[in-house]
Amino acid sequence: MARNLAEWLAYQERVNVHSIELGLERVREVWQRMGAPRPAPRVITVAGTNGKGSTVALLEAMLKAAGWRVGAFTSPHLLAYNERVGIDGVPVADTALIESFERIEAARAEIPLTYFEFGALAAIDLFARAGVDVAVLEVGLGGRLDAVNIIDADVAVITTVDLDHMEWLGPDRDSIGREKAGIARSGRPAIVGQLDPPQGLLAALAERGAQVERAGTDFSVERHEDGWRWRHRDGSAMELPDPYLAAPVQHANAAAAIAALHAFGDEAFSPSALFAAASAGLHDVRIAARLQALGGEPPVFVDVGHNPQAARALAEWLDTSVHGAVHAVYGALADKDVAGVIGALGTRIARWHLAGLEQVSPRGLEVSALAGRLRASLPQAPFDAHPDVATALAAARQAAQPGDCVLAFGSFFVASAVMAEHAQ
């Protein structure tokens with residue numbers, strides 16, 4: 001009996017007893033059984049602790065503006081699974097995903113795949129069949145052992161390296177950086193978008209023989225009142241508009257994306273073509289839940305930030321862009337550094353409206369446990385506790401006074417719930 005998309009996704013959650021299982025042997029074997037399709041003549045793979053999704057969106061917008069057909073694979077999704085696989089900016093249809101899942105199922109036979117691995121193989125399969133010019137692949141976790149790394153990237157981008165997923169990637173930035181360096185290939189460009197990358201990342205890239213281009217060394221951002229300047233060590237430079245995406249950190253993501261396209265060389269992008277693509281892409285780029293303004297009164301902003309580095313970026317935005325009291329709708333997964341997130345934001349939050357996530361994820365943190373972590377980190381912080389995001393959001397809206405705002409963040413589960421409420 002044929003399965004619909006929801007049934008396929010439920011099935012994929014049962015196929016492998018492990019929700020996460022790093023390693024390339026299983027997924028590579030299935031890919032080879034499918035004929036080892038290359039998703040596109042050119043491939044950009046994007047890894048990083050934060051900024052991956054935004055950088056993929058920026059690359060997609062710039063490539064589209066240049067007239068290239070582009071496939072983009074991202075994860076996780078917010079409202080619909082189809083968001084993960086896009087061709088020319090349009091999520092693929094249910095029927096295309098189902099047909100790809102059927103091909104994967106026939107090829108895998110006895111090999112167990114994770115939910116993410118099914119999706120990565122489907123993206124590779126669908127991009128190859130669509131004949132896109134460029135595939136932009138977002139790493140799900142780490143890099144070296146992530147499913148997308150079965151594909152040799154022409155350009156690797158590592159946005160940032162910070163502490164997250166330490167149970168899988170290692171206890172410090174150096175070990176995490178080494179894992180992320182695994183997407184780079186010998187003799188090919190590796191763009192490092194962080195000004196202070198860990199030495200473990202740089203050493204691993206050198207060991208792999210990658211052609212490293214670093215932010216602040218090989219390319220740079222110079223912000224000014226009317227926009228910003230992107231400059232490369234080869235002397236090329238361009239004056240650009242600010243990104244449509246709101247957070248200050250988006251300039252760093254945009255600079256890395258431009259460096260990736262610049263690394264393709266003049267045969268792909270002349271200086272004038274790169275300038276036109278970058279300018280149009282910065283204006284056109286859209287990605288949900290990256291400091292997205294949902295409007296309303298009080299105004300609601302939603303962000304997927306879920307670790308201390310992301311919280312520091314939120315703090316920078318609050319310091320430069322928000323003047324009234326901030327009501328935070330916050331929920332977290334149990335394995336996240338809640339204390340680090342709370343410490344990064346501190347007293348910038350006037351009141352915390354805490355939400356339990358145990359109903360939407362096995363990894364979700366119960367609100368009582370979340371409240372305990374808040375009290376331990378900020379003993380004087382005002383808060384209220386709610387069983388779910390919708391209830392916490394309603395409380396935040398009711399508590400906010402004129403001139404205040406609501407900031408919802410902490411997990412993709414928080415962001416998706418807030419966006420679902422907004423869509424009603």
Side-chain angles (χ1 to χ4, degrees), residues 8-9 11-12 15-16 18 20-47 52 56 59-60 63 68-75 81-82 84-88 92-93 95-157 179-190 208-211 260 263-264 268:
W8 265 109
L9 299 177
Y11 170 74
Q12 291 168 21
V15 165
N16 195 321
H18 306 289
I20 298 173
E21 186 175 1
L22 297 179
L24 302 183
E25 293 80 7
R26 293 172 298 99
V27 69
R28 180 182 283 122
E29 175 63 24
V30 178
W31 173 64
Q32 289 172 341
R33 292 180 184 183
M34 296 175 71
R38 184 164 175 82
R42 298 176 188 264
V43 176
I44 304 173
T45 300
V46 182
K52 298 189 298 293
V56 169
L59 284 165
E60 182 182 32
L63 288 161
W68 294 39
R69 295 199 67 214
V70 56
F73 172 61
T74 63
S75 66
Y81 183 90
N82 313 60
R84 296 180 178 226
V85 185
I87 296 176
D88 290 336
V92 299
T95 52
L97 282 167
I98 290 168
E99 289 170 358
S100 186
F101 291 153
E102 289 172 346
R103 289 189 288 270
I104 295 165
E105 181 72 359
R108 77 170 187 88
E110 77 291 352
I111 299 175
L113 295 174
T114 66
Y115 183 93
F116 178 81
E117 289 166 346
F118 264 98
L121 285 170
I124 292 167
D125 173 52
L126 291 169
F127 296 159
R129 289 172 179 271
V132 300
D133 301 312
V134 185
V136 185
L137 307 178
E138 180 186 344
V139 167
L141 179 62
R144 181 176 65 92
L145 298 176
D146 187 82
V148 302
N149 204 33
I150 60 173
I151 303 300
D152 291 330
D154 297 286
V155 179
V157 180
E179 289 298 314
K180 296 187 187 300
I183 67 170
R185 297 297 190 266
S186 177
R188 299 184 185 182
R208 298 184 70 82
Q211 297 176 352
F264 277 161

For [X], which residues count as a ring-ring contact (aromatic ring centres under 6.0 Å, His included) partner, sequence neighbours excluded?
| X | result |
| --- | --- |
| Y11 | W8 |
| F73 | F116 |
| Y81 | H77, Y115 |

Discussion item. Side chains of N149 and R28: any donor to acceptor distance under 3.5 Å?
Written reply: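 On atom types as modelled, these side chains do not qualify, holding no pair under 3.5 Å.
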Return the [atom1] to [atom2] distance between [X] and [Y], rounded to the nearest 0.5 Å.
| X | Y | atom1 | atom2 | result |
| --- | --- | --- | --- | --- |
| L113 | L121 | CG | CG | 6.0 Å |
| E21 | L141 | CD | CG | 12.5 Å |
| I104 | L97 | CD1 | CG | 9.0 Å |

Discussion item. Test your reading of the model: is there a side-chain donor-acceptor pair from Q211 to the backbone of G187, 3.5 Å cut-off?
Written reply: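 Answer holds: yes.
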Worksheet item: Distance-only, no hydrogens or angles: does the R185 side chain make a donor-acceptor pair with backbone N or O of I183 under 3.5 Å?
Response: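 Yes.
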Looking only at non-hydrogen atoms, find the nearest pair between [X] and [Y] and report the distance.
| X | Y | value |
| --- | --- | --- |
| G140 | S75 | CA-OG, 4.2 Å |
| A96 | L126 | O-CD2, 3.7 Å |
| A156 | A184 | CB-CA, 3.9 Å |
| R33 | A109 | NH1-CB, 3.8 Å |
| A122 | F101 | CB-CE2, 3.7 Å |
| A260 | L59 | CB-CD2, 4.2 Å |

Any side-chain heavy-atom pair of [X] and [Y] under 4.5 Å:
| X | Y | answer |
| --- | --- | --- |
| D146 | T45 | no |
| R42 | D154 | yes |
| I124 | P37 | yes |
| I151 | R38 | yes |
| V30 | E117 | no |
| E29 | Q32 | yes |

Practice prompt. Could you tell me which residues satisfy side chain to side chain donor-acceptor pair (under 3.5 Å) with R69, sequence neighbours excluded, listed by chain and number?
Written response: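 So R69 forms a side chain to side chain donor-acceptor pair (under 3.5 Å) with D88.
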Worksheet entry | All side chain to side chain contact (heavy atoms under 4.5 Å, CB included) counterparts of P112, not counting sequence neighbours |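 Only N16, R26 meet the side chain to side chain contact (heavy atoms under 4.5 Å, CB included) criterion with P112.
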Worksheet item: Between D152 and R208, is the closest basic N to carboxylate O distance under 4.0 Å?
Response: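 Salt bridge between R208 and D152, a charged N being under 4.0 Å from a carboxylate O: no.
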Fill in: side chain to side chain donor-acceptor pair (under 3.5 Å): pairs with one or both residues in residues 119-134, sequence neighbours excluded
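As it turns out, the side chain to side chain donor-acceptor pair (under 3.5 Å) pairs with a partner in residues 119-134, which skip direct neighbours, are S100-D125, R103-D125, D125-R129.
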Discussion item. If you apply the rule side chain to side chain contact (heavy atoms under 4.5 Å, CB included), what do you find for F127 with V85, and how did you get there?
Written reply: CA-CA 9 Å; F127 296 159; V85 185; 3.7 Å; yes
